[in-house]
Protein chains: 2
Amino acid sequence: MVQIPKQQPAQQPSAPKAPAKQSARGAVPTSADVARLAGVSRATVSYVLNNTSAVRISEPTRRRVHEAAKELGYVPHAAARSLRAGHTRIVLMPTPEVPAGPLYSGFLNELQWALSRLDYTVVQYGSVGVGGDDAARAWAELRPVAVLAPVGMGPDGIAVLKRSGAKAVITLGPAPVEDAHALLMDHREVGRVAAEHLLARGHRRIGVVMPREEGLDAFAEPRLAGVRATGADAVPLPLAYEEEDAAQVASRISELGLGAVFAYNDEYAMLLMRAVQDAGCAVPGDVAVIGADDLMLGRLLRPRLSTVRIDLPSGRELAELVDRLVRDPAAEPEVRDVMGATLVRREST
Amino acid sequence: MVQIPKQQPAQQPSAPKAPAKQSARGAVPTSADVARLAGVSRATVSYVLNNTSAVRISEPTRRRVHEAAKELGYVPHAAARSLRAGHTRIVLMPTPEVPAGPLYSGFLNELQWALSRLDYTVVQYGSVGVGGDDAARAWAELRPVAVLAPVGMGPDGIAVLKRSGAKAVITLGPAPVEDAHALLMDHREVGRVAAEHLLARGHRRIGVVMPREEGLDAFAEPRLAGVRATGADAVPLPLAYEEEDAAQVASRISELGLGAVFAYNDEYAMLLMRAVQDAGCAVPGDVAVIGADDLMLGRLLRPRLSTVRIDLPSGRELAELVDRLVRDPAAEPEVRDVMGATLVRREST
DNA sequence: TTGAAAGCGGTACCAC
DNA sequence: GTGGTACCGCTTTCAA
């Protein structure tokens, strides 16, 4: 006999194999434990619990397996499964670095929910400060099947993710990125709509509120750019989300003789409008104010707040796009404009 | 030479081994690929890339490995690693079923972010409709090291999670659950504080806004109960978050002769206050209104909105608790009250 | 109808 | 200093 089994050399045929590994008390039960208890093989356990249609297992056996599984409280191990399968159902989404507004965070929530319904595992990954392309490496370790890339992830990051097996990489942001499907959300459009309205009302100089809150400039800058693109004379007005600063800005508005302000969004608009009114200015008489996002609160203010309604794709819709791309990874990267901005004129302009 | 490799029996010394598995073009590179390219073993690759301190690897070898890894764009496979390690760094959090208010969602965001910083992988899991204890099984498949259990997960669910290896299970909710650390957030307290204030102002009958929006009753019901607990005569006022319904409720308030309303939170309070005022009632003259959450907008209303400030633990704090529990899983389940409610009286009451 | 066993990708122990 | 290799838990041929 030439062939020698590695663990049990023929020279010592009597050497008992390591005692059938008894899952230690307190250890997490595995399919092997279930198999042992049911008196079948691990293969059979797998067949039964996954309802493998290619294999017919007798009813008594099925019952024994199910009972054993229940008795042990067996739960399959997702990592082991996907390691074997060679792919996961993980969809990676970035955690917004700053508590986003109600509009956007509502959108993300809906998306997440819709993905869950499609049986994906949604993993929210903090961009932990490290640059996008660097974060990509950390993300790739999870072998996500799809990724909603954060703004700031460059082509290299995308490439890393795709090479690691991501079937769909989708960027949500102002500009398309190489080799990724792009859902264009160009906030310049928001500024443009607001500014054109104000221009039409005869205001050439427009104050533009720029939130001092970190993380918001990603939205604020493009909105400002959009205002400028109309040819209006845009005056940036840095504003922290608190009353004192609002009072300052309000007085600055008077000094500058600004007749119109685009207030970034409805919440900042509310803050500013209050400050302007408290300073004795009439809205829209002395200064016109327009917000964005079309939140409920705008309708409740007096004067009612003019705003720019932002249309985002529904989470369900986006989730289905993800699903489609996962199923058909060959699809050519597609660039689609998904953000609409329309004027909602009320009384404040 | 006695030992014979199992794949190449001595009988067929000429049988060529399956051609050294060449990672197919386009396949995700593994540590074996790196090893081959660097001309070393997988073990060495592992040592080098993990900076294993127990093993000294020569500098030239390290360089070769690093270069090979970079050239191939190698990224380790998290599932394989944690399968081997026997544990993950996954922390599971429930996705709120309904877009939570700014206060709570801000808290969750912060928590998530703090956990990321502590090097945990945060997985947001949708409760996908299935009952808590059922969801627990799905959750357990990920073998999370810690779980923030959603309200509605019973003791059985907790048990499943723990048996699957979760070192820390923490419930955030109104009541403690067996065998889990409990962060008590008892919203009755909010109702109690509001009601006691109104009682002190001489109102015995108190309207209590109950959002019609699904998912919010988890908070609304306890708040109502808190009002009742003071002995006040609570009148539930179902209210959808829209102007028309608010007008209805406002007129109902007149009919019922309600002199005071606790409006669930500041946003509903704003909505209702507007409707009440539009109906010709004075606030607080005819009807006193108090909200909750102490949002900025309350300060901007006229009259300024009285409210109940809710103190939540900081996300950082909770993240550190999670981390501590993970490190010391033996710790006795602890029940802690983490929600403070304090009156902020302004002008609307 | 069932079982034996090869691996998925990494890690870490033990030899050399 | 390095290499060989068992093993983590599961799926899936291939044989019996």
Side-chain angles (χ1 to χ4, degrees), chain A residues 5-8 17-18 21 23-24 27-36 38-62 64-65 69 72 74-88 140-143 164-165, chain B residues 1 3-8 18 21 23-24 27-36 38-62 64-65 69 72 74-88 140-143 164-165:
Chain A
K6 33 184 182 153
Q7 289 298 8
Q8 196 176 355
K17 212 171 166 180
K21 208 187 327 168
S23 73
V28 185
T30 73
S31 77
D33 295 321
V34 176
R36 208 170 308 132
V40 299
S41 74
R42 292 157 66 213
T44 304
V45 171
S46 178
Y47 294 143
V48 171
L49 297 184
N50 294 313
N51 259 314
T52 308
S53 54
V55 172
R56 307 237 68 80
I57 302 284
S58 71
E59 207 41 60
T61 307
R62 307 183 80 84
R64 292 221 313 287
V65 169
L72 294 176
Y74 169 69
V75 174
H77 192 304
R81 187 191 301 236
S82 58
L83 177 57
R84 169 69 222 224
H87 61 256
T88 69
E141 296 194 0
L142 298 178
R143 297 289 190 272
S164 82
Chain B
M1 180 191 183
Q3 184 146 12
I4 299 175
K6 41 179 178 158
Q7 291 296 9
Q8 197 175 356
K21 211 186 325 166
S23 73
V28 185
T30 72
S31 77
D33 296 321
V34 176
R36 208 169 309 133
V40 300
S41 73
R42 292 159 66 214
T44 304
V45 170
S46 177
Y47 294 144
V48 170
L49 296 184
N50 294 311
N51 260 316
T52 308
S53 54
V55 172
R56 309 237 69 81
I57 302 285
S58 73
E59 207 40 60
T61 306
R62 308 183 80 85
R64 293 219 315 286
V65 169
L72 293 176
Y74 169 70
V75 175
H77 192 305
R81 183 184 304 212
S82 58
L83 178 58
R84 170 68 225 221
H87 60 257
T88 69
E141 295 194 1
L142 297 178
R143 297 291 190 271
S164 81

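Small disclaimer: the values here were computed from a predicted structure and weren't measured.
Between the CZ atom of B:Arg56 and the P atom of C:dC16 there is a distance of 24 Å, given to the nearest Å. Here the P atom of nucleotide C:dG9 and the CG atom of B:Asp33 are 9 Å apart, to the nearest Å. In this structure, CZ of B:Arg36 is placed 15 Å from C1' of D:dG3, rounded to the nearest angstrom. Distance, A:Tyr74 OH to D:dG9 P: 10 Å, rounded to whole Å. When the C1' atom of C:dT2 is taken as reference, atom CZ of A:Arg62 falls 13 Å away, rounded to whole Å. If you measure from atom CG of A:Leu72 to atom P of D:dG9, you get 14 Å, rounded to the nearest angstrom. Distance B:Leu83 CG to D:dT11 C1': 13 Å, rounded to the nearest Å. In this structure, CG of B:Asn51 is placed 16 Å from C1' of C:dG10, rounded to the nearest angstrom.
To the nearest 0.5 Å, atom CZ of residue B:Arg64 and atom CD1 of residue B:Ile57 are 11.0 Å apart.
Residue B:Pro60 is the one, among B:Pro60 and B:Arg143, whose nearest nucleotide of DNA chain D lies closer to the 5' end (criterion: closest heavy atom). Positionally, the nearest nucleotide of DNA chain D for B:Val55 lies more toward the 5' end than for the other of A:Arg81 and B:Val55.
OP1 and OP2 of C:dA12 both lie 4.0 Å or more from every side-chain N or O belonging to B:Thr52. Within the structure, every side-chain polar atom (N or O) of B:Asn50 is placed at least 4.0 Å from both OP1 and OP2 of C:dG10. Considering only side-chain N and O atoms, A:Thr30 lies nowhere under 4.0 angstrom from the phosphate OP1 or OP2 of D:dC8.
When every heavy atom of B:Arg62 is checked against every heavy atom of B:Asn51, the shortest pair comes out as NH2-OD1, 2.9 Å. Minimum interatomic distance between B:Thr52 and B:Ser46 (heavy atoms only, all atoms of both residues): OG1-O, 4.2 Å. Contact between A:Ala140 and A:Ser164 at its shortest, heavy atoms only, is CB-OG, 3.5 Å. The nearest pair of heavy atoms linking A:Tyr74 to A:Leu49 is CE2-CD1, 3.5 Å. Annotation for A:Val45 and A:Val40: closest pair CG2-CG2, 3.9 Å, computed over non-hydrogen atoms. What you find for A:Ala69 and A:Val34 is that their closest heavy atoms are N-CG1, 3.8 Å.
Overall, the helix from C:dT1-D:dA16 to C:dC16-D:dG1 carries an axis bend of 50° between its ends, with five pairs at each end and the value rounded to 10°.
When atom types are taken as modelled, the side chain of B:Ser82 and the backbone of B:Ala85 share no donor-acceptor pair closer than 3.5 angstrom. B:Arg42 contributes no side-chain N or O that, together with a main-chain N or O of B:Asp33, makes up a donor-acceptor pair within less than 3.5 Å.
Residue contacts for B:Thr61: at a heavy-atom cut-off of 4.0 Å it reaches the sugar-phosphate backbone alone, with no base atom in range.
Taking the side chain of A:Arg84 as heavy atoms from C-beta on, and the options C:dA6, C:dT2, C:dG9, the nearest nucleotide is C:dA6.
Residues from residues 39-49 of chain A that place a heavy atom under 4.0 Å from any atom of DNA chain D, listed by number: A:Arg42, A:Ala43, A:Ser46, A:Tyr47.
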Mind running side chain to side chain contact (heavy atoms under 4.5 Å, CB included) on B:His77 and B:Val28 for me, showing each step along the way? CA-CA 10 Å; B:His77 192 305; B:Val28 185; over 6 Å; no

